[in-house]
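As the structure is a computational prediction, the values presented were derived from the model and not from experiment.
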Number of protein chains: 2
Amino acid sequence: MFSIGEVSRRTGIKVPTVRYYEQMGLIAAPERSSGNQRRYDRNTLRRLEFIRHARELGFSLDDIRDLLRMSEGAGTPAHDDVHRIAGEHLRAVRARIERLKRLEAELTRISSCKAGTLSDCAVLETLSDHALCIGEH
Amino acid sequence: MFSIGEVSRRTGIKVPTVRYYEQMGLIAAPERSSGNQRRYDRNTLRRLEFIRHARELGFSLDDIRDLLRMSEGAGTPAHDDVHRIAGEHLRAVRARIERLKRLEAELTRISSCKAGTLSDCAVLETLSDHALCIGEH
DNA sequence: CTTGAAGCTCTAGTGGCTAGAGGAATTACA
DNA sequence: TGTAATTCCTCTAGCCACTAGAGCTTCAAG
């Protein structure tokens, strides 16, 4: 059995965040010691690693709840749902990359200015120039 | 003079968000009509376009406040600060792109699985597998 | 002059945590 | 066994950048 601090060290999830996940229903309320401190088993540890990884992949806690539920309903044909969630997320991620790349190009341009005075500098003008807006609006 | 709705239409910033920016001190409290409704001039319109654009570039409201202050202190040698903020931001954006690309690769892998049953599917296992974690931890 | 859209202020909620107060339990070591 | 340091507990409140809704007033078109 692991204390919450041990769990935190092993999963890389901060202590208050572990408690927060419990509150949000992502993990069950664990057993307690005689002095009312949380004691976790290996299953919960694995579950938290899953959560940590999925969070790094950018899934929302709601998505993760779904994914966990699916993985629990062993054998049920939720396969498609899992792929749907992952696929939707992949699309969102690709869109984000595209947007960030355009952003990078613009930032590179405006931050490479070498003029000596602010009035010569493109940064502020660029930020003001509506015609240079990235994205759709 | 423009009503808040007109401003919203012209800048693409939602009405409550314009009021929020006023509350946060990014724009000054505008004149009011006899019936206490906000009336904006072209200067504020331009300022809001600046804000909108900078937000799209991912600058925080705090950064934008700084940028606006610099652009107001006309002629002062704040040039370096502007570039520092933009440069810092550029570095952050590049890091984000790198992370997202690794993420995309992993998502592509896990969502391309074609197995018929959940137990054959790599998605959940992949999410659980700590060894496949992206990033540093 | 009426009606419906748009405006006003105010409060509270969102996601995903994070920080701090004030106290209790555990652990390491003498 | 004593004690001091560390970890843990609950609870409340704060973060960012909005967003939603209630309940009311004003504006503009016909």
Side-chain angles (χ1 to χ4, degrees), chain A residues 1-27 29-40 44-45 47-48 50-68 85 89 92 96 99 103 135 137, chain B residues 1-27 29-40 44-45 47-48 50-68 85 89 92 96 99 103 135 137:
Chain A
M1 299 300 257
F2 312 99
S3 72
I4 197 167
E6 187 68 21
V7 162
S8 174
R9 241 166 289 123
R10 281 168 186 256
T11 61
I13 301 171
K14 289 184 185 156
V15 169
T17 307
V18 174
R19 287 196 279 248
Y20 173 75
Y21 287 164
E22 179 185 329
Q23 208 185 315
M24 293 298 101
L26 290 172
I27 55 174
E31 290 177 44
R32 300 287 183 129
S33 72
S34 57
N36 199 34
Q37 300 195 352
R38 289 169 178 82
R39 292 293 175 257
Y40 296 93
T44 309
L45 212 59
R47 197 175 171 96
L48 281 167
F50 180 105
I51 294 170
R52 160 97 206 254
H53 193 188
R55 281 297 295 143
E56 279 185 339
L57 291 173
F59 290 94
S60 71
L61 294 191
D62 271 0
D63 279 347
I64 293 173
R65 220 189 315 269
D66 287 350
L67 289 168
L68 283 167
I85 291 177
H89 196 59
R96 246 153 85 199
R99 252 185 100 69
L103 196 160
H137 62 271
Chain B
M1 301 297 258
F2 313 98
S3 71
I4 198 167
E6 188 66 20
V7 163
S8 174
R9 241 166 291 122
R10 282 169 186 254
T11 62
I13 300 172
K14 289 185 184 156
V15 169
T17 306
V18 174
R19 288 195 280 247
Y20 173 75
Y21 287 164
E22 179 185 330
Q23 208 185 314
M24 294 297 102
L26 290 172
I27 56 174
E31 291 176 42
R32 299 286 183 129
S33 73
S34 56
N36 199 35
Q37 300 196 351
R38 289 170 178 79
R39 292 292 176 259
Y40 296 92
T44 309
L45 212 58
R47 196 177 172 94
L48 282 167
F50 179 104
I51 294 171
R52 160 98 208 251
H53 193 187
R55 281 296 296 142
E56 279 185 339
L57 290 173
F59 290 94
S60 72
L61 294 191
D62 270 359
D63 280 346
I64 294 172
R65 220 189 317 268
D66 287 349
L67 290 169
L68 284 167
I85 291 175
H89 196 60
R96 248 152 82 199
R99 253 185 100 67
L103 196 160
H137 63 271

* Distance test, side-chain N/O of B:Arg38 to OP1/OP2 of C:dC8, below 4.0 Å -> yes

* Measure the distance from CE on B:Met1 to C1' on D:dT26 and round it to the nearest whole Å. => 17 Å

* Rounded off to whole Å, could you give me the CZ-to-P distance for the B:Arg55 and D:dA17 pair? => 5 Å

* **A:Arg38 side chain reached by A:Ser3 side chain, heavy atoms, under 4.5 Å** => no

* B:Arg19 near the nucleic acid: base, sugar-phosphate alone, or nothing, with a heavy-atom cut-off under 4.0 Å? -> base

What does the list of N/O pairs under 3.5 Å between the protein and nucleotides 27-30 of chain D look like, with a distance for each?
from, atom 1, to, atom 2, distance (Å)
D:dC27, OP1, B:Ser33, OG, 3.1
D:dC27, OP1, B:Gly35, N, 3.0

* Evaluate the criterion salt bridge (Lys or Arg N to Asp or Glu O under 4.0 Å) for residue pair A:Arg19 and A:Glu22; output intermediate values, then yes/no. => CA-CA 5 Å; A:Arg19 287 196 279 248; A:Glu22 179 185 329; over 6 Å; no

* Are B:Tyr21 and B:Arg47 close enough that some pair of their side-chain heavy atoms sits under 4.5 Å apart? -> no

* Can you tell me how far P of C:dA5 sits from CD of B:Glu6, to the nearest Å? -> 18 Å

* Side-chain N or O of A:Thr17 less than 4.0 angstrom from OP1 or OP2 on C:dC17? -> no

* Asked: Does a side-chain heavy-atom distance below 4.5 Å link B:Asp62 with B:Asp66?
  -> no

* Asked: When the distance from OH of A:Tyr20 to P of C:dG20 is rounded to whole Å, what number comes out?
  -> 19 Å

* To do: Please check the phosphate of C:dT9 (OP1 and OP2 only) for any side-chain N or O of B:Arg32 closer than 4.0 Å.
  => yes

* Is a donor on one side and an acceptor on the other found under 3.5 Å between the side chain of A:Arg52 and the backbone of A:Thr11? -> yes

* To do: Compare side-chain N and O positions of A:Tyr21 against OP1 and OP2 of C:dC17 and report whether any pair is under 4.0 Å apart.
  => yes

* Of the listed nucleotides C:dT18, C:dG7, C:dG16, the one nearest the side chain of A:Ser60 -> C:dG16

